[in-house]
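In this text, all values refer to a predicted model and were calculated from it rather than measured experimentally.
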Amino acid sequence: MSTILIIFCFLSAITLATAFLTIFSRNPIHSALYLVICFFSIAGHYLLLNSQFLAIVHIIVYSGAIMILFLFTIMLMNLNKENEVHKPRITRLGAVVSFCLISVVLIFIFINSKPIEGEYIGTGEDYQSIKVLGNVLLNEFMVPFEFASILLLVAMIGVVLMSKKEKLEK
């Protein structure tokens, strides 16, 4: 096996393990730290693809700025399991219905998408330059770029709603 394949398998194992630990960890601070490790391993994948600019931007934006916001949000909301009031059934039902609807829409979009057919024609352009990368990202890949921003927004709203304290009736 080549060295690159070994590094790829190692990074993939780290990415998958930390992604599952992020989801299944009961402590929100640990989940955020696992997510940072997951982001760093994804940046390693960018380096394997010889895309140093995207790797550095990924580390700065996701592992830096966004994870700091998540950690501050989690710490400021002071999530305590002992004092947590269980959410009403209608709230949980609404969350399940929303998740199912979004999943059906995404599956429908992926099923109806058509692969690009034809022969690959090399243009000789340098895709490492910021100008070309910006044109490709905001023209050809605008929809996935917007999905990523919506996903981050929904995650932030989810953190705030999960940590929102409900008033106890006395």
Requested in this report: Step through the shown structure and confirm whether more than 12 heavy atoms of other residues, nucleotides or ligands are within 6.0 Å of CG on Leu101.
Outcome: yes
Query raised in the report: Is the number of heavy atoms from other residues, nucleotides or ligands within 6.0 Å of CD1 (Ile4) greater than 12?
Result: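 No, not enclosed.
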Query raised in the report: Would Phe110 and Ile102 show up in the same hydrophobic cluster when neighbours are defined by side-chain heavy atoms closer than 4.5 Å?
Result: yes
Query raised in the report: Cluster question for you: counting only ILVMFWY and a side-chain heavy-atom cut-off of under 4.5 Å, with indirect links fine, are Tyr46 and Val61 together?
Result: yes
From [atom1] ([X]) to [atom2] ([Y]), nearest 0.5 Å:
| X | Y | atom1 | atom2 | result |
| --- | --- | --- | --- | --- |
| Leu16 | Leu21 | CG | CG | 11.0 Å |
| Ile37 | Thr15 | CD1 | OG1 | 11.0 Å |
| Ile14 | Cys9 | CD1 | SG | 11.5 Å |
| Phe20 | Ser25 | CZ | OG | 14.5 Å |
| Leu47 | Ile59 | CG | CD1 | 7.0 Å |
| Ile111 | Leu106 | CD1 | CG | 11.0 Å |

**Report entry** Sequence-distant partners of Ser31, side-chain hydrogen bond (donor to acceptor under 3.5 Å, both in side chains), two or more places apart
**Finding:**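 Expected list: none.
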Report task. Please name the pair of heavy atoms, one in Cys38 and one in Ser41, separated by the smallest distance, quoted to 0.1 Å. Result ->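 Looking at all heavy atoms of both residues, the shortest contact is O-OG, 2.8 Å.
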Requested in this report: Mind listing the closest non-hydrogen atom pair of Thr22 and Leu35 along with its distance?
Outcome: OG1-N, 3.3 Å
Query raised in the report: Sub-3.5 Å donor-acceptor pair from the side chain of Ser149 to the main-chain atoms of Glu146, do we have one?
Result: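 Answer holds: yes.
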Query raised in the report: Do the rings of Phe39 and Tyr62 sit parallel, tilted or perpendicular, given the 30° and 60° boundaries?
Result: tilted
